[in-house]
Amino acid sequence: MTVIDILTRVDTICKKYDKYDVDKQRESNISGDDAFARLYGAFETQIETALEKAEIVTKEKNRASAVAMNAEIRRTKARLSEEVPKLQRLALKRVKGLTTEELAARNDLVLALPARIEAIPDGTAGGPKSTSAWAPSTTSRPDIKFDSDGRFDDDYFQESHESSQFRQEFEMRKIKQASGDQGLDMISEGLDALKNMASDMNEELDRQVPLMDEIDSKVDRATSDLKNTNVRLKDTVNQLRSSRNFCIDIVLLCIVLGIAAYLYNVLK
Amino acid sequence: MSSDPEKMMSKADKMTKLTLTRWSADWRGATELYEQAANGFRASSKYERAKVALEKASQGQVMQSSPWDAAKHMESAAALAQKLSIWDEVADFYRKASELYVECGRAQPASDALGKAARALEEVKPEDAIQLYTDACEILEEDGRDQMAFDLYRACASVYIKLEKFTDAATFFLRLGVAADKCDATNSQCKAYLSAIIVYLYGHDLKQAEKCYNDCSQIDAFLKSDQNRTASRLLTAYNEGDIEEIKKVACSSTVSNLDHAIIKLARKLPTGDVTAVQMNAGDDLDEDDLT
């Protein structure tokens, strides 16, 4: 008996005795009748695919596509989190053939699901690079000390003549600067608009460069074809116009006219 | 040669039917007749018949193995179908035309055909339009001409915004970012990311917006750009519940250079919320709690 025969016989025997395989039957029965198990299975597969995608993201070198994939992972997570309540409702339903312990176990599984969904990495673990350059610093510094040690009596805050003059000058300068500032604001807005238009033009031109290259090559091909055709045409026309053919044409024409004149004379 | 288009059509039909006396269809003559018939019908404004004539002419060209002419006829047929508002046929014809263009190896006209179809169906069947836009973008990306795909991505995202599906719209903006990254179009890339963040914010999804911002900050081009600063200002304003600041950012010039649809969303931004955003003080309040 060959190996192949043995294999086929084993297969047929297995198939015949499949109906006695208790575990397999139970499994298939459960997935058949039980909506919860089906849905849970679907959940598991989705979580697996999301985890795989997250792994791919970590190996991904191209930042932009990493960002796009992270966004997709987050979408999947959001969808899964929405479905969790539905699963919970199914978990609480009583199904025939199910023990109370299994029911409790199912509940626990469902409760564990949100945690698992959250645990799927989607690139938020790495925080942003420091942007505190732009945010105002709000921490107070302990090294700064005040001079006067708290003696804030009346004289301290009294305005002297000079200080009120300073104050007035300060107000005037501030008003002048405000109008100057407005001018600067308008200039900055104009510059922003110009900058945006310039970058858009830049990108548009970049877009058109390969198109121009294509046009260039196509037109080159067309001109060379035309030149070729022109040369061949010139040769052909020259051949037709060659003096030998011309003389032969004239001679034959004279002969035909001579014959015609002769016939005319004879018939007159 | 009869000048009546109907007669031409019936003659051409007879030429293509195989009978006992005719053993092989004369596609060349038939195609010519179909084309002339179509012109005649169009001149007399019988668009339905003209469309049928163009379809048959296109088929004739396919039989003669000239996919370019066939595709052109299909496009004209689709334009007529658009005039007659038969939307299924519009999508069908444009798709067929696009396939024929791909057969010729010309990706640009193929994606143009799908783009025209999508534009025609935007109002009537937005889901189909989105599918057509996605297919058009894929054709261009396969051919390596990502830059042409920018407009298509933007149009698709605006359709999603009209349908109020904000996560999908933001995903499309991120895909625009990927395409822009491939061709080093940093300005478009940064604008795309800023648009995605604004769309997330409009959809009341502060957490997603922040996550998106964190992701994008890892990309150098975005980090060094104006759009980055605007985005960070916007997010800090949101976190502190400062409506004035949000409005100021929304009227800034950086935002005014984005798409019209996004500008409209940005101007509506703080009023999209239910009430003012809570302070992110790190106590029991959830970041997402907008009440």
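All heavy atoms count here, side chains included; hydrogens, waters and symmetry mates do not. Letters go in sequence order (proteins before strands), and every chain restarts at 1. All figures in this text were calculated on a predicted structure; none of them were measured in a lab.
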Assert top hit (heavy-atom pairs under 4.5 Å, partner chain A, pool B:Thr167, B:Thr254, B:Asp168, B:Asp184) equals B:Asp168
B:Lys165 meets the salt bridge (Lys or Arg N to Asp or Glu O under 4.0 Å) criterion, sequence neighbours left out, with none
Any salt bridge between A:Glu204 and A:Arg207, counting N to O under 4.0 Å?
-> yes
Quick test of your reading of the model: are A:Asp235 and A:Arg232 salt-bridged, counting only N-O distances below 4.0 Å? no
If one checks every heavy atom of B:Asn257 against chain A at 4.5 Å, the contacting part turns out to be side chain
Applying a strict 4.5 Å limit to non-hydrogen atoms, the region of A:Leu211 in contact with chain B is side chain
Quiz prompt | Pair B:Lys116 + B:Glu75, salt bridge at N-O below 4.0 Å | solution = yes
Counting heavy-atom pairs under 4.5 Å with chain A, the top scorer among B:Leu174, B:Asp226, B:Val178, B:Asp146 is B:Val178
Rounding to 0.5 Å, atoms CZ (B:Phe173) and CD1 (B:Ile197) come to a distance of 12.0 Å
From the list B:Gln189, B:Met148, B:Arg233, B:Gln108, the residue making the most non-hydrogen contacts under 4.5 Å with chain A is B:Met148
Most heavy-atom pairs under 4.5 Å with chain B, out of A:Ala193, A:Ala71, A:Ser65, belong to A:Ser65
Whatever's closer than 4.5 Å to a heavy atom in chain B on A:Asn202 counts as neither
